[in-house]
Amino acid sequence: MTELARRVLDGDPRALARAATAIENRSAAAESLLKELFPHTGRASIIGITGAPGAGKSTLTDRLVHELRREDKRVGVLAVDPTSPYTGGAFLGDRIRMLSHHADPGVFIRSMATRGHLGGLAAATTDMALLLDAAGKEVVLIETVGVGQDEVEIAKLADVTVVVLVPGMGDDVQAIKAGIMEIADVFVINKSDQPGPDRLEREILALQSLSTRHDGWVPPLVRTVATEGQGVAETLAAMRSFLALAGAKDRAVANWSLRLREMLRERLLEQFANIDFQAAAAEVAARRSDPYTIIDAWTKQFQH
Ligand SMILES: Nc1nc2c(ncn2[C@@H]2O[C@H](COP(=O)(O)OP(=O)(O)O)[C@@H](O)[C@H]2O)c(=O)[nH]1
Ligand SMILES: [Mg+2]
């Protein structure tokens, strides 16, 4: 076993930070490290927290961390922040708010940079969660902005997904319809100190009554005021009820089926990183070539 792997398994925060950087850079060393670490994973609960910008995900995550630390649980936090100018400020805000945990060696916090080009964020997030799992974190919280497809994909990689909604936003139900309904294992109605939580609750219940999940789970609704810490313990309890559901093994297989797909997708795209997509796109758009012929040529090039 390499020195770095040994120190990660010991939970050494500096080794963890180094390994996280290696994973972020997608270095070859990171892959061999992850191979070494993988047999030591599978113990952490991976919790996805998703919702629109400003819904209170960071505030809630912060409160959950406090609650878990009170139970003496070791915690990892991964903040997935898109580089969009809308959330550029929130990125800093998240960091500052999270600073309150920085002196605590039981908490490890990492902001995941969006990968800009060919995706791969889902795979990188999986790797990072595995790293924290191997390092002995018992709970890994992943905060994602549930607006892009990429972020919804990441949420699906979690063992339990919490969707944070807020009352009084007319587009709530739209967001739910746009696919968040299927990924929510727990609904949090945050900012319940603001007008309208009853109405939002009725809307969610109405949508829930239209469909049943194949696992029979009816995602509970929890009202929170994250800024006050209200409902945080209840949120944790709701997540734990879901995690304790029978069929955890089947869920693990289903999750790995998704994760492997994401990892393969990324691996393939990485191999094609040098391809001039722009030039090919121009050819296709001008009808000088067709996408099928071009993709055929690309895949042949890489079949060795
Ligand atoms: N009134 C009220 N404000 C909240 C609540 N939770 C979060 N906020 C505020 O909403 C804003 C956005 O919160 P943040 O956690 O950064 O949202 P995120 O973008 O989803 O991570 C901040 O100003 C918070 O202080 C709540 O329960 N009630
Ligand atoms: Mg945030």
Side-chain angles (χ1 to χ4, degrees), residues 46-69 75-102 107-114 121 125 128-129 139-148 150-155 158 160-172 174-176 178-180 183-201 204 220-239:
I46 315 288
I47 295 169
I49 302 199
T50 193
K57 298 176 299 296
S58 296
T59 312
L60 181 66
T61 300
D62 189 59
R63 292 291 181 155
L64 285 167
V65 170
H66 274 288
E67 191 73 22
L68 289 161
R69 289 304 294 148
V75 187
V77 178
L78 298 176
V80 183
D81 281 80
T83 50
S84 103
Y86 290 114
T87 51
F91 178 82
L92 253 184
D94 290 348
R95 283 223 156 150
I96 290 162
R97 225 169 296 127
M98 289 289 188
L99 275 176
S100 56
H101 301 291
H102 269 194
V107 184
F108 184 87
I109 297 158
R110 189 87 182 185
S111 286
M112 304 279 301
T114 47
L121 190 57
T125 306
M128 211 67 97
V139 180
V140 177
L141 297 158
I142 305 176
E143 181 196 339
T144 65
V145 181
V147 286
D150 215 20
E151 288 76 18
V152 171
E153 288 301 318
I154 293 165
V160 50
T161 300
V162 178
V163 170
V164 182
L165 299 168
V166 288
M169 283 171 66
D171 57 355
D172 271 342
Q174 264 58 41
I176 293 168
I180 273 183
I183 63 164
D185 302 312
V186 173
F187 284 106
V188 162
I189 301 181
N190 191 40
K191 305 198 187 184
S192 286
D193 54 330
Q194 309 277 21
D198 291 333
R199 187 180 151 197
L200 177 57
E201 186 166 323
I204 298 168
L221 275 61
V222 184
R223 291 191 191 193
T224 60
V225 183
T227 38
E228 307 296 325
Q230 272 175 39
V232 175
E234 290 81 352
T235 304
L236 205 53
M239 296 183 319

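Order of listing sets the numbers, starting from 1, for every ligand and every atom in it.
What you find for Thr161 and Ile183 is that their closest heavy atoms are CB-O, 3.2 Å. In terms of heavy atoms, Lys191 sits closest to Pro167 at O-CG, 3.5 Å. Of all heavy-atom pairs spanning Gly56 and Ala226, the tightest one is O-CB, 4.4 Å.
Exactly one residue among Ile47, Ile109, Asp62, Ile142 makes a side chain to side chain contact (heavy atoms under 4.5 Å, CB included) with Val77. That residue is Ile109. Of the options Thr235, Asn190, Asp193, a side chain to side chain donor-acceptor pair (under 3.5 Å) to Thr224 is made by Asn190 and by none of the others.
Judged by distance alone, with hydrogens and angles left aside, the side-chain atoms of Lys57 form a donor-acceptor pair with the main-chain N or O of Gly51 at under 3.5 Å. Side chain of Ser192 to backbone of Ile189: a donor-acceptor contact under 3.5 angstrom is found.
If you number the atoms of ligand 1 from 1 as listed, the ones under 4.0 Å from a heavy atom of Ala52 come out as 20 (O). Counting the atoms of ligand 1 from 1 in the order shown, those under 4.0 Å from a heavy atom of Ser58 are 15 (O), 18 (P), 21 (O). Those atoms of ligand 1 with a heavy atom of Thr59 less than 4.0 angstrom away are 7 (C), 13 (O), 14 (P), 15 (O), 24 (C).
For a threshold of 3.5 Å applied to N or O pairs, the pair formed by Pro53 and ligand 1 contains no separation below that value. Between Leu60 and ligand 1, a contact under 3.5 Å exists for no N or O pair. For ligand 1, none of its N or O atoms has an N or O atom of Ser192 under 3.5 Å away. The distance criterion of under 3.5 Å between nitrogen or oxygen atoms is met by Gly54 with respect to ligand 1.
Looking only at side-chain heavy atoms (C-beta outward), Ile49 and Leu64 come within less than 4.5 Å of each other.
Backbone or side-chain N, O or S atoms of Ser58 reach the Mg ion (ligand 2) at under 2.8 Å.
Contacts between Asp193 and ligand 1, counted as non-hydrogen atom pairs separated by less than 4.0 Å, involve the side chain only. The backbone and the side chain of Ala226 each have at least one atom closer than 4.0 Å to an atom of ligand 1 (non-hydrogen atoms only). At a 4.0 Å heavy-atom cut-off, ligand 1 touches Gln194 through the side chain alone.
Summary: OE2 is the N/O/S atom of Glu143 found nearest to the Mg ion (ligand 2).
Side-chain polar atoms of Thr227 and Thr59 form no donor-acceptor pair below 3.5 angstrom.
Within the structure, the closest approach of Glu143 to ligand 1 falls below 4.0 Å when heavy atoms are considered.
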